[in-house]
Amino acid sequence: MGEFHSDKKSDFIRLSSAFISVKCRFYDYRFQATKGHTDADGRMKKILIIAGEASGDLHGSNLVKAMKSQDPTLIFYGVGSRNMRAAGVTMLADASEISVVGATEVLTHIGAICRVYTKLKQFLREERPDLLILIDFPDFNIFTGKAAKQLGIPILYYISPQVWAWRKGRINTLAKLVTAIMVVFPFEVDLYRNAGVDVRFVGHPLADVVMSAYTREESRDVLGIARDRRTVALLPGSRTNEIMHLLPDMLKAATILLDRFPDVQFVLPVAPTLPHDLVERYVSESGVPVRIIDGKVYDVLRASDAAIVTSGTATLETGLMAVPMVIVYRISRISYLIGRLFIRVKHIGLVNIVAGRTVVPELIQDDVTPEHIASAIGTFLADQDKRREVEHDLRQVRALLGEGGASSRAASVARELLERAA
């Protein structure tokens, strides 16, 4: 959201938080604490793992696989999506029920959010899992973590909230809440260590998974698109409100690009947290020829010369694939104005944050227009030297994230906490 410096407190934030707390207590009133039980054989450990976004679902699934490879007897329950489900997690709720961004957006989904929270709180009381693993998604996860803390359940936070960007006071909240925290950027270690948190740097899990088995030409064959046409990926986000806010302008930008580059083709990988038919409806109404793919985001990026990407983990994924991009970000006006009071970073895109400079262009709020998007992407399509320069810079960003193996290291930390609590 750009660089903002303000210590002013937001009455709206406080009122929203209070409303959420009261509303959730209303949903929760009928549940009374019950005594947990131990597995019959005394060996099998239960883990509750919560991810509220597509990226968290991916990282959660890889963590579960790594933990199961170290101890096949572990049993997992959680909130996530199809990746975690495929990894063997018994789903208590789907991430799409709680995955929203912005203060006003949260208020419109408060009923669903509270229902999921109440279900999780009941599970914590009745099942007493041996460990709670929280993956990013701080507002909901911290709220749930507090319920676990009251029951004496150990809490491991994986992929910490971006306290270096905003709401730095959450460091103290996390210090009181978690048993340990695993961070994915080296510069995060001192922030938590200085607050007395048991912090472990495990590396970024995307370094292990962001890859494609195909060449550019092969990936285009697999996706069913032409080998000899310039290709632009559309990554509109993993939440429904992101699709509503940003996909229409992406598609209008695609129309402009088609007029300028008649050979260009577009590919859109649908995140697992999104209803496929919603994306299809927007594309159909636009009249733009777009190849819609169910997942396969890394193959899509391998096939692409450039990408239009909604700010979030997808920007880092695109950067790790060394695909030049324009980053776009827009939320409701009220949520944006609230954010301006607290955001303290120069960039919003993770590739730019990690690099410490502007590697790829960012368009925020009112600057997100079809014309601006098309202009940025047009530069990459028309200027081969510029595209190669950005590709080189993005490869340097990948080097800054260190070696792979994050999921395995994170699994070892989780097992350490399980053994400590035994």
Side-chain angles (χ1 to χ4, degrees), residues 52-55 57-58 80-86 91 94-102 105 108-109 112 212 219-226 229-259 261-315 317-318 321 323 325-332 368-370 373-374 377:
E53 300 168 295
S55 58
D57 174 60
L58 174 64
S81 193
R82 62 185 180 191
N83 287 311
M84 283 172 53
R85 187 177 292 108
M91 286 296 160
D94 193 273
S96 62
E97 299 178 61
I98 59 174
S99 184
V100 291
V101 172
E105 290 84 354
T108 60
H109 290 76
S212 172
S219 62
R220 292 181 180 184
D221 290 343
V222 168
L223 298 173
I225 59 177
R229 296 175 63 182
R230 284 177 279 201
T231 304
V232 175
L234 307 180
L235 276 64
S238 60
R239 304 179 182 93
T240 298
N241 63 319
E242 289 174 333
I243 298 298
M244 296 169 61
H245 283 306
L246 293 164
L247 184 54
D249 282 326
M250 288 186 179
L251 293 168
K252 290 175 183 176
T255 300
I256 297 172
L257 287 167
L258 276 170
D259 289 338
F261 307 97
D263 70 322
V264 72
Q265 59 187 349
F266 301 94
V267 188
L268 194 164
V270 180
T273 52
L274 288 174
H276 204 283
D277 57 351
L278 174 68
V279 176
E280 287 183 332
R281 177 165 59 82
Y282 274 102
V283 171
S284 176
E285 291 174 354
S286 74
V288 179
V290 177
R291 176 70 165 147
I292 300 176
I293 304 293
D294 189 16
K296 298 184 179 179
V297 62
Y298 304 141
D299 293 336
V300 168
L301 289 170
R302 175 68 77 205
S304 300
D305 299 292
I308 306 170
V309 188
T310 293
S311 179
T313 302
T315 63
E317 292 175 312
T318 305
M321 293 294 291
V323 178
M325 76 191 95
V326 57
I327 299 171
V328 296
Y329 182 76
R330 184 197 288 133
I331 54 178
S332 73
V368 181
T369 67
I373 296 171
I377 294 297

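Computed over heavy atoms, backbone and side chain alike; hydrogens, waters and symmetry mates excluded.
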To the nearest 0.5 Å, tell me how far [X] [atom1] sits from [Y] [atom2].
{"X": "Leu223", "Y": "Ile292", "atom1": "CG", "atom2": "CD1", "result": "13.0 Å"}
{"X": "Leu251", "Y": "Ile373", "atom1": "CG", "atom2": "CD1", "result": "9.5 Å"}
{"X": "Thr231", "Y": "Arg291", "atom1": "OG1", "atom2": "CZ", "result": "12.5 Å"}
{"X": "Leu235", "Y": "Leu301", "atom1": "CG", "atom2": "CG", "result": "5.5 Å"}
{"X": "Asp94", "Y": "Arg85", "atom1": "CG", "atom2": "CZ", "result": "5.5 Å"}
{"X": "Lys296", "Y": "Ser219", "atom1": "NZ", "atom2": "OG", "result": "11.0 Å"}

Does the side chain of [X] reach to within under 4.5 Å of the side chain of [Y], using non-hydrogen atoms?
{"X": "Arg302", "Y": "Val222", "result": "no"}
{"X": "Leu268", "Y": "Pro236", "result": "yes"}
{"X": "Leu274", "Y": "Thr240", "result": "yes"}

- Met244, CE atom: more than 12 neighbouring heavy atoms under 6.0 Å: no

Hey, is the main chain of [Y] close enough, under 3.5 Å, to the side chain of [X] for a donor-acceptor pair?
{"X": "Ser284", "Y": "Glu280", "result": "no"}
{"X": "Arg220", "Y": "Arg229", "result": "yes"}
{"X": "Arg230", "Y": "Phe261", "result": "no"}
{"X": "Glu242", "Y": "Thr310", "result": "no"}
{"X": "Asp57", "Y": "Asn83", "result": "yes"}

Give me the atom names and distance for the closest heavy-atom approach of [X] to [Y].
{"X": "Val288", "Y": "Phe266", "value": "CG1-CD1, 4.3 Å"}
{"X": "Val232", "Y": "Ala307", "value": "CG1-CA, 4.4 Å"}
{"X": "Ala271", "Y": "Gly237", "value": "CB-O, 4.1 Å"}
{"X": "Val368", "Y": "Tyr329", "value": "CG2-O, 3.5 Å"}
{"X": "Gln265", "Y": "Ala226", "value": "NE2-O, 2.8 Å"}
{"X": "Arg82", "Y": "Asp294", "value": "NH1-OD1, 3.1 Å"}

- Task: Show your working on side chain to side chain contact (heavy atoms under 4.5 Å, CB included) between Val264 and Leu258 and close with a plain yes or no.
- Result: CA-CA 6 Å; Val264 72; Leu258 276 170; 3.6 Å; yes

- Message: Run the side chain to side chain donor-acceptor pair (under 3.5 Å) test on Asp299 and Ser212 for me, step by step, so that the C-alpha distance in whole Å, both residues' side-chain angles and the decisive distance to 0.1 Å come before the verdict.
- Response: CA-CA 5 Å; Asp299 293 336; Ser212 172; 2.6 Å; yes

